[in-house]
Amino acid sequence: MASDNETIQLELVKAILEELPFGVLVTKNEKEIVLCNRVLSEAFAENQFDRQIHLILEKNLVPAVNTPIRLNENNGIVRKAIIQMGDEEYQIYLLLFTNNKSDFLNIDKHEEILFKDIIEFAYDGLVMVDTEGYVQMLSHAYADFLGVDQESSIGKHVTEVIENTRMHVVAKTGKQEVAELQKIKDNYIIATRSPIRKQGKLIGAVGKILFKNVGQFTALSKRINSLEVELKKYKGDFRERNKASYTFDHLMGRSPAFMEVKGQAKIAAKSDSNVLILGESGTGKELFAHSIHNDSRRAMGVFVKVNCAAIPAELLESELFGYEEGSFTGAKKGGKAGKFEAAEGGTIFLDEIGELPLHMQVKLLRVLQEKEIERVGSTGSIPIDVRVIAATNRNLEEMVSKGEFRLDMYYRLKVLQIHVPSLRERPEDIEILVNHLVEKYQNLMKKRVKGMSDQALRLLRLYKWPGNIRELENIIERAMNIVEEGEVIRSKHLPKEITGHKEAVSIRTLAEVMDETERAAIVSCLEMTSGNKSETAKRLGVSRTTLYEKMNKYGL
C-alpha cells in the first residue's frame with residue numbers, strides 16, 4: 001500500500017504531465033499502460049481511445065526516431081524511448097500533434113524537460129551518471145543533503161560530489177547493488193545503484209537513497225538514534241521486569257527436609273527439562289523457580305512469570321501464545337507476541353498450573369511436545385526455545401483421577417518434580433527465617449529492634465503455620481509495626497492465634513473457659529521448661545500420657 005508521501009509524489013508527476021503541451025504515454029512491458037496525460041486523451045474520440053492507443057503500440061517504433069503518425073484525423077509525430085530501471089523496462093511515447101512542422105524540431109527539448117521534471121518531483125535522493133561516472137543529473141534535495149551546488153555538480157565526476165560513492169563502479173560493470181550501506185557526513189544511508197541500459201546498451205547508472213525525504217534526513221537520523229536509545233531502554237525495562245530476582249543463596253534453612261529439596265533443585269538447574277514444583281501456598285515455590293533459572297544455562301535469558309489463575313480463561317490463549325492482527329475485535333495492529341515468544345531463549349514460569357482449563361491444557365501440551373506455538377488467528381507455527389517451570393499447590397494426581405487435569409499433561413510437566421516442604425515440616429528453620437525477616441523490615445522501616453525473645457520464638461515453633469513462610473512474614477511485619485524502637489519482640493507483639501490468647505466475648509461456656517485456661521497453662525509451662533515434656537507433666541501434676549493427649553487436643 002502506497003505511503004502518503006508516495007501518493008503526493010505520484011500526484012505531482014501527474015500534474016506535470018497534464019501541463020505539458022504534447023501527449024505522453026508511459027507503458028510497461030509494451031502493453032501495460034502506466035500513465036497517459038490529458039493532451040493525449042483529448043486527441044482521441046471517447047470510443048476510439050483504446051483502439052488508437054493500441055495502434056501506437058503496434059507500430060513497433062524504432063526508439064529515438066521521430067516517426068510521422070496520423071491518429072483520429074490528427075497529424076503528428078511520435079518518438080519512443082526505452083528506459084531500463086533495475087529489472088523493469090519502461091517505454092515512453094512522446095506525441096506532438098501540430099500542423100507546424102517546425103515544432104517537431106523541439107521535441108528533443110520537450111523530452112529532456114519532461115524527464116528532468118518527473119525525476120525531480122518523483123525522487124528526492126537521486127543521481128544519474130554516464131558510463132565514465134560523470135554526473136548527468138542530481139536532484140535538488142540530494143544536492144542540499146550533500147551540501148553541494150546542484151548545477152555546478154553536473155559534469156563533475158561522481159566521486160567529487162558524493163562521499164564513498166560506488167556509482168562509477170556500477171556504471172562501468174553494469175552490476176546492480178541493492179540496499180547497500182553508505183557513509184555520508186558521519187551518517188549512514190541505504191542506497192540502491194542500478195545500471196541504465198538503452199536498447200540493451202549500458203549508458204550509465206542511477207542511484208537512489210531508500211529514504212523518501214532526504215531533505216529531512218539529518219532530522220530522521222537523529223530520530224533514529226533517539227529511537228535506538230529508547231528501544232534499549234524498553235528492552236532494559238522488559239528484561240528488568242522479566243528477570244529472576246532470587247538465587248539459591250536466598251533459600252534459607254538448615255533442616256534435613258529443606259536441604260534435600262534444595263539439592264534436588266540444584267540438580268534440576270543443570271538440566272533443560274520441564275520442572276514441576278509442588279507445595280502448599282506460601283512455601284516459596286516461586287523462589288525455587290527463580291533460583292533454578294539463575295543457576296541454569298539460561299540465566300542470561302529472560303524469566304517470564306505467568307499466573308494461570310489470574311488471567312481470565314477467554315484471554316489465556318492470546319496471553320500465552322499471542323495473536324495476529326485482525327484475529328478478533330480489539331486486536332492490536334500488527335498483532336502481539338505472547339508470553340512464550342517473550343520468553344524465547346529463557347524460562348517461562350507457569351504458576352498455579354492446576355488452574356489451567358482443560359482446553360488450554362491441550363494447547364499447552366502441544367507446545368511442550370512440539371516446541372512451537374501458534375498465534376491466535378495464524379495458520380502457521382513459530383518454533384520456540386523456552387524452558388518450562390510449572391508450580392501448583394493442588395494435588396495433580398487427585399485432579400487427574402477426577403478428570404480435571406490431563407494425565408499426559410501431568411507426565412509431560414513432571415519430568416523433574418520438586419516438593420517444597422511446609423514450614424511445620426521444618427520448625428528448626430523458623431529462627432533462621434525470623435532473623436532474616438526482622439533484618440529485612442528493620443531496613444525497610446528504618447527501625448532498629450533487639451531481636452525476638454526466646455519465649456516468642458518457642459511460640460512460633462509450636463504454631464502449625466497454615467500460611468507457611470508468607471504467613472510468618474506477615475506476622476513479623478505486624479510485630480515490627482507494634483514493637484517500640486530498640487525493644488525486643490515478645491509474645492505480646494504476636495497475634496492471638498500464635499499465643500493462644502483470645503479476646504473476651506459477651507457469653508462463653510464454662511468448658512470454653514476451662515479449655516482456654518488449660519491450653520494457656522500448658523503453653524506457659526512448656527515455655528518455662530524450654531519444651532521439656534516430662535518436666536512440664538511433672539509441674540502440672542499429670543502423667544506424660546495425659547499431657548500428650550491434651551497437647552494433641554489443643555494442637556500443640
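Residue numbers run from 1 in the order of the sequence given.
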May I ask you to say whether K450 pairs ionically with E487, meaning some side-chain N is under 4.0 Å from a carboxylate O?
no

Just so I know, are the side chains of I292 and R387 near enough to count as touching, which here means a heavy-atom distance under 4.5 Å?
yes

Just jot down the side chain to side chain donor-acceptor pair (under 3.5 Å) partners of E527, sequence neighbours excluded, or say none.
Q455

Are R461 and D454 close enough for a salt bridge, meaning some N to O gap below 4.0 Å?
no

Give the C-alpha distance, both sets of side-chain angles, the deciding distance and a yes or no for side chain to side chain contact (heavy atoms under 4.5 Å, CB included) between V170 and Q176.
CA-CA 6 Å; V170 173; Q176 187 179 36; 5.8 Å; no

Is the side chain of E352 donor-acceptor paired with the backbone N or O of N307 at a distance under 3.5 Å, no angle test?
no

What's the separation between atom CZ in F321 and atom CG in L316, rounded to the nearest 0.5 Å?
8.5 Å

Please check this pair: side chain of N443 against backbone of E439, looking for a donor-acceptor N/O pair closer than 3.5 Å.
yes

Can you list the residues that meet the ring pair (Phe, Tyr, Trp, His ring centres under 6.0 Å) rule with Y548, with sequence neighbours excluded?
none

Do Q182 and R166 make a side-chain contact, defined as non-hydrogen atoms from C-beta onward lying under 4.5 Å apart?
no

Hey, are the side chains of M360 and C308 touching, using non-hydrogen atoms and a 4.5 Å cut-off?
no

Using a 4.5 Å cut-off on heavy atoms from C-beta on, say whether the side chain of T192 contacts that of E177.
no

Run the side chain to side chain donor-acceptor pair (under 3.5 Å) check on S273 and S271 step by step: do they pass?
CA-CA 6 Å; S273 299; S271 167; 3.2 Å; yes

How long is the straight-line distance from CE of M452 back to CG of L460, given to the nearest 0.5 Å?
5.0 Å

Would N393 and E280 count as a side chain to side chain donor-acceptor pair (under 3.5 Å) here? Give the steps.
CA-CA 5 Å; N393 59 4; E280 296 178 10; over 6 Å; no

CD of E484: more than 12 outside heavy atoms within 6.0 angstrom?
no

Chi angles and distances behind the side chain to side chain donor-acceptor pair (under 3.5 Å) call for T546, E549:
CA-CA 5 Å; T546 301; E549 289 174 352; 4.8 Å; no

Electrostatic pair E485:R448 at N-O distance under 4.0 angstrom:
no

Are L416 and L276 close enough that some pair of their side-chain heavy atoms sits under 4.5 Å apart?
no

For L251, does its backbone N or O pair with a side-chain atom of K262 as donor and acceptor, under 3.5 Å?
yes

If the condition is side chain to side chain donor-acceptor pair (under 3.5 Å), which residues does T347 pass it with, not counting sequence neighbours?
H293

If only atom types and distance count, is the side chain of T165 paired as donor or acceptor with the main-chain N or O of I162 below 3.5 Å?
no

Are any of the side-chain heavy atoms of V449 and Q442 separated by less than 4.5 Å?
yes

Do R366 and I373 come within less than 4.5 Å of each other through their side chains, counting heavy atoms only?
no

Does E404 pair with R394 as a salt bridge, N-O distance under 4.0 Å?
yes

Could you go through the side chain to side chain contact (heavy atoms under 4.5 Å, CB included) check for V261 and H419 one step at a time?
CA-CA 7 Å; V261 173; H419 192 286; 5.7 Å; no

For Y463, all residues meeting ring pair (Phe, Tyr, Trp, His ring centres under 6.0 Å), sequence neighbours excluded
W465

Take E260 and Q264, measure what side chain to side chain contact (heavy atoms under 4.5 Å, CB included) needs, and give me the verdict at the end.
CA-CA 6 Å; E260 181 182 354; Q264 292 172 359; 3.7 Å; yes

For residues 530-542, the side-chain hydrogen bond (donor to acceptor under 3.5 Å, both in side chains) pairs (sequence neighbours left out) are T529-T536, S534-R544, E535-R539

For the residue pair F405 and Y410, does the interplanar ring angle fall in the parallel (under 30°), tilted (30 to 60°) or perpendicular (over 60°) class?
perpendicular

Tell me, yes or no, whether the heavy-atom count around M445 atom CE, taken from other residues, nucleotides or ligands under 6.0 Å, exceeds 12.
yes

Is there a donor-acceptor pair under 3.5 Å between the side chain of E344 and the backbone N or O of D385?
yes

Is a side-chain N or O of T517 found less than 3.5 angstrom from the main chain of V513, in a donor-acceptor match?
yes

Do the rings of H250 and Y246 sit parallel, tilted or perpendicular, given the 30° and 60° boundaries?
perpendicular

Checking K266 against F248: charged group under 6.0 Å from the ring centre and within 45 degrees of the axis?
yes

What's the separation between atom CD1 in I389 and atom CG in N274, rounded to the nearest 0.5 Å?
9.5 Å

S491 and A456 have their tightest heavy-atom pair at N-CB, 3.8 Å

Measure across G403 and L358 and return the closest heavy-atom pair with its distance rounded to 0.1 Å.
O-CD1, 3.7 Å

To the nearest 0.5 Å, what is the distance between CD on E324 and CD on E374?
9.5 Å

Are N294 and T247 close enough, and set up right, to give a side chain to side chain donor-acceptor pair (under 3.5 Å), and what steps lead you there?
CA-CA 6 Å; N294 270 332; T247 67; over 6 Å; no

Determine whether a donor-acceptor pair (N or O, by modelled atom type, separation under 3.5 Å) exists between the side chain of H290 and the backbone of S245.
yes

Salt bridge (charged side-chain N to carboxylate O under 4.0 Å, His left out) assessment of K550 paired with E518:
CA-CA 9 Å; K550 292 185 180 294; E518 191 171 53; 2.8 Å; yes

What distance separates N481 CG from E477 CD, expressed to the nearest 0.5 Å?
6.0 Å

Pairwise distance CG(L540) to CG(L526) - rounded to 0.5 angstrom
8.0 Å

All ring pair (Phe, Tyr, Trp, His ring centres under 6.0 Å) counterparts of H436, not counting sequence neighbours:
none

Give me the atom names and distance for the closest heavy-atom approach of G253 to M259.
O-SD, 3.3 Å

Close side-chain approach of I522 and M551, heavy atoms under 4.5 Å:
yes

Run the numbers on V523 and Y554 for side chain to side chain contact (heavy atoms under 4.5 Å, CB included), then give the verdict.
CA-CA 10 Å; V523 169; Y554 300 125; over 6 Å; no

Only one of L364, V304, V306 passes side chain to side chain contact (heavy atoms under 4.5 Å, CB included) with F340, and that residue is L364

Measure from NZ or CZ of R426 to the centre of the six-membered ring of F258, then state whether that distance is under 6.0 Å and the direction lies within 45° of the axis.
yes

For atom CZ of R478, decide whether the heavy atoms of other residues, nucleotides or ligands shown that lie under 6.0 angstrom number more than 12.
yes

Taking Q417 for the side chain and K414 for the main chain, is one N or O donor matched with an acceptor at less than 3.5 Å?
no

Atom NZ of residue position K363 - does it have more than 12 heavy atoms of other residues, nucleotides or ligands inside 6.0 Å?
no

